There are 2 protein chains.
Amino acid sequence: MQITSKFTVAVHILTCIDVFGGQMRVTSDFLSGSTGVNAVIVRNVLGQLRNAGIVETRQGSGGAHLAKALDEITLYDIYKAVDCIDDEGLFHFHENPNVDCPVGRNIHKAMDGRLKAAQEALENELKSTTLAQVVADTRKIIYGE
Amino acid sequence: MQITSKFTVAVHILTCIDVFGGQMRVTSDFLSGSTGVNAVIVRNVLGQLRNAGIVETRQGSGGAHLAKALDEITLYDIYKAVDCIDDEGLFHFHENPNVDCPVGRNIHKAMDGRLKAAQEALENELKSTTLAQVVADTRKIIYGE
DNA sequence: AAAGTTGTAACTAATTTTGTTTCAACTTTC
DNA sequence: GAAAGTTGAAACAAAATTAGTTACAACTTT
């Protein structure tokens with residue numbers, strides 16, 4: 001089980017928009033070239049980021065732009081934007097426990113809070129890191145200290 | 001994206017073994033009835049739990065038993081036993097980033113540590129809760145305070 | 001020996017994820 | 001205002017993953 005690659009692709013895309021945005025038009029085609037992901041998928045991801053208010057794109061003109069400062073975008077914002085985890089939560093309960101069994105009837109409730117806490121631990125960690133940090137690290141690796 | 005239901009099924013199974021183990025033989029068939037999961041899947045899960053040293057089962061005789069005390073089994077042990085997350089980690093990187101692009105070449109490394117930290121936050125939370133707690137909560141709901 | 005059980009392999013079905021094709025709508029430039 | 005290049009989105013296809021099923025050998029107990 002893995003979280004959809006759309007998440008890391010989205011981070012990649014946003015990093016490209018910041019790094020290359022000053023010099024050129026960052027189109028879905030260019031981003032497809034850098035990420036290795038199909039251009040339509042890139043446009044889908046950009047659409048989700050746009051709906052979340054993270055980027056701005058326009059039909060025709062081409063080129064995506066950040067709609068927020070880098071340090072105002074957390075990894076959690078991106079994770080939510082691309083819908084990594086649905087409303088059911090990170091953990092998956094089997095659909096048909098036997099309600100005639102006292103354990104089957106109650107185990108969901110007994111586990112739920114603890115599993116939510118685990119998911120929140122993950123999400124809080126993502127909330128604590130911003131795109132600014134990731135981009136800074138990327139630039140460091142590219143251009144040196 | 002959700003973590004395989006084998007995880008919550010495994011917790012369900014282990015809870016049943018503890019709750020019903022005194023009174024009856026807890027077979028894969030019985031567990032299939034309580035969980036609503038196919039008996040072969042139950043046996044697969046039991047096999048993984050056995051490999052991890054969490055339960056004991058034997059061909060022929062039937063009935064699974066815990067191999068450890070409830071408070072020595074954490075949710076993390078179960079999560080590892082049923083292989084929720086493979087060696088690649090929780091987050092999934094796309095396979096074909098463009099190595100000719102400075103971002104494509106380096107973004108993986110730039111993100112990796114932070115994503116590992118998020119995964120560890122999740123796993124540490126799972127390490128902090130034991131099956132004893134889950135079973136106690138389940139018993140409370142079943143039998144009251 | 002018979003009945004019931006586990007362990008495992010091979011196969012099927014369902015679901016999810018990713019990729020592809022296609023084209024209308026829009027913007028810019030010539 | 002026509003041409004070129006781009007986004008947005010729908011419909012479809014392919015690949016991968018997850019869960020279920022069938023079948024049967026190996027084992028234990030009665």
Side-chain angles (χ1 to χ4, degrees), chain A residues 1-10 12-13 17 21 24-33 35-52 55-65 67 79 82-88 90-97, chain B residues 1-10 12-13 17 21 24-33 35-52 55-65 67 82-97:
Chain A
M1 189 291 310
Q2 290 191 304
I3 285 182
T4 170
S5 62
K6 288 203 299 182
F7 173 64
T8 52
V9 167
H12 185 150
I13 285 173
I17 293 173
M24 58 184 299
R25 213 161 37 137
V26 183
T27 65
S28 59
D29 232 55
F30 172 82
L31 291 168
S32 173
T35 57
V37 170
N38 190 281
V40 175
I41 307 288
V42 168
R43 291 205 284 273
N44 287 342
V45 172
L46 280 172
Q48 293 182 297
L49 294 173
R50 175 166 35 81
N51 289 338
V55 301
E56 284 169 355
T57 59
R58 280 167 62 213
Q59 274 193 330
S61 64
H65 300 273
Y79 157 99
V82 302
D83 243 347
C84 289
I85 307 293
D86 63 27
D87 298 335
E88 303 291 306
L90 175 60
F91 295 95
H92 181 48
F93 288 95
H94 192 269
E95 299 75 17
N96 311 114
Chain B
M1 189 294 308
Q2 290 192 304
I3 286 181
T4 170
S5 62
K6 287 202 300 182
F7 172 65
T8 50
V9 167
H12 185 149
I13 285 173
I17 293 173
M24 58 185 298
R25 213 162 37 137
V26 183
T27 65
S28 59
D29 231 54
F30 172 81
L31 289 168
S32 173
T35 58
V37 169
N38 189 281
V40 174
I41 307 289
V42 169
R43 291 205 285 272
N44 287 342
V45 171
L46 280 172
Q48 292 182 297
L49 294 171
R50 174 166 36 81
N51 290 338
V55 301
E56 283 168 356
T57 59
R58 279 167 64 212
Q59 274 193 330
S61 64
H65 300 274
V82 301
D83 241 350
C84 289
I85 307 292
D86 63 27
D87 298 336
E88 303 291 305
L90 175 60
F91 294 94
H92 181 49
F93 287 95
H94 193 267
E95 298 76 16
N96 313 113

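Keep in mind that this is a model prediction, so the values were computed, not measured. In what follows, chains carry the letters A, B, and so on, assigned in the order in which the sequence lines appear, proteins first and then strands, with residues in each chain numbered from 1.
Listed candidates were D:dT18, D:dG8, C:dT28. Nearest to the side chain of A:Arg50 is D:dG8. Here C:dG19 is the nucleotide among C:dG4, D:dT7, C:dG19 with the atom lying nearest to any side-chain atom of A:Ile41. The side chain of A:Gln59 sits closest to C:dC26 out of D:dA9, D:dA19, C:dC26. In this structure, the nucleotide among D:dA19, C:dT5, C:dT18 sitting nearest to the side chain of B:His92 is C:dT18. Here the nucleotide nearest the side chain of A:Asn38, chosen from C:dT20, C:dG7, C:dT28, is C:dT20. Proximity note for A:Ser28 (side chain, C-beta onward) versus C:dG4, D:dT18, D:dT7: the nearest is D:dT7. Nearest to the side chain of A:His94, among D:dA9, D:dG20, C:dT6, sits D:dG20.
Remark: B:Ser5 is in phosphate contact with D:dA19, judged by side-chain N or O atoms under 4.0 Å from OP1 or OP2. Dashed line: the shortest gap from a side-chain N or O of A:Thr4 to OP1 or OP2 of C:dT18 is under 4.0 Å. Taking side-chain N and O atoms only, B:Thr57 has a distance below 4.0 Å to OP1 or OP2 of C:dG7. Considering only side-chain N and O atoms, B:Thr27 lies nowhere under 4.0 angstrom from the phosphate OP1 or OP2 of C:dG4.
Between B:Gly63 and B:Glu95, the residue whose closest nucleotide on DNA chain C is further toward the 5' end is B:Gly63. Toward the 5' end of DNA chain D, the nearer of the two residues B:Gly60 and B:Val37, judged by each one's closest nucleotide, is B:Val37. Both B:Arg58 and A:Val40 lie close to DNA chain D; mapped to their nearest nucleotides by heavy-atom distance, the more 5′-ward contact belongs to A:Val40.
Below 30°, between 30° and 60°, or above 60°: for A:Phe7 and A:Tyr79 the angle between ring planes is above 60°, a perpendicular geometry.
B:Gly62 comes within 4.0 angstrom of sugar-phosphate atoms only, judged by non-hydrogen atoms across all strands, and of no base. Counting any heavy atom pair closer than 4.0 Å across all strands shown, A:Asn44 reaches no nucleic acid atom.
One atom, CD of B:Gln2, and another, C1' of C:dT17, lie 14 Å apart when rounded to the nearest Å. Between the CD1 atom of A:Ile13 and the C1' atom of D:dT7 there is a distance of 14 Å, rounded to whole Å. Distance, A:Glu56 CD to D:dG8 C1': 17 Å, rounded to whole Å. Protein atom CG of B:Asn96 is 12 Å distant from nucleotide atom C1' of C:dG19, rounded to whole Å. Between the C1' atom of C:dT27 and the NE2 atom of A:His65 lies a distance of 13 Å, rounded to the nearest Å. In this structure, CG of A:Leu46 is placed 7 Å from P of D:dG8, rounded to the nearest angstrom. The separation between A:Arg43 atom CZ and D:dA10 atom P is 13 Å, rounded to whole Å. When the C1' atom of C:dT29 is taken as reference, atom CZ of A:Arg25 falls 11 Å away, rounded to whole Å.
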Practice task
Just do the side chain to side chain contact (heavy atoms under 4.5 Å, CB included) check on A:Leu46 and A:Leu31 with the steps written out, would you?
Solution key: CA-CA 10 Å; A:Leu46 280 172; A:Leu31 291 168; 4.0 Å; yes
Problem - A:Ile41 vs A:Thr35, side chain to side chain contact (heavy atoms under 4.5 Å, CB included): CA-CA, chis, key distance, verdict - result: CA-CA 11 Å; A:Ile41 307 288; A:Thr35 57; over 6 Å; no
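When each of B:Thr27, B:Val37, B:Asp29 is tested with B:Val42 by the rule side chain to side chain contact (heavy atoms under 4.5 Å, CB included), just one qualifies, namely B:Val37. Considering B:Lys6, B:Arg50, B:His12 in turn, B:Lys6 is the only one that fulfils the side chain to side chain contact (heavy atoms under 4.5 Å, CB included) rule with B:Val45.
Once rounded to the nearest 0.5 Å, the distance linking CG of B:Asp86 with CD of A:Gln2 reads 5.0 Å.
Of the nucleotides present, D:dA16 is the one that pairs with C:dT15 by Watson-Crick or G-U wobble criteria, both distances under 3.5 Å.
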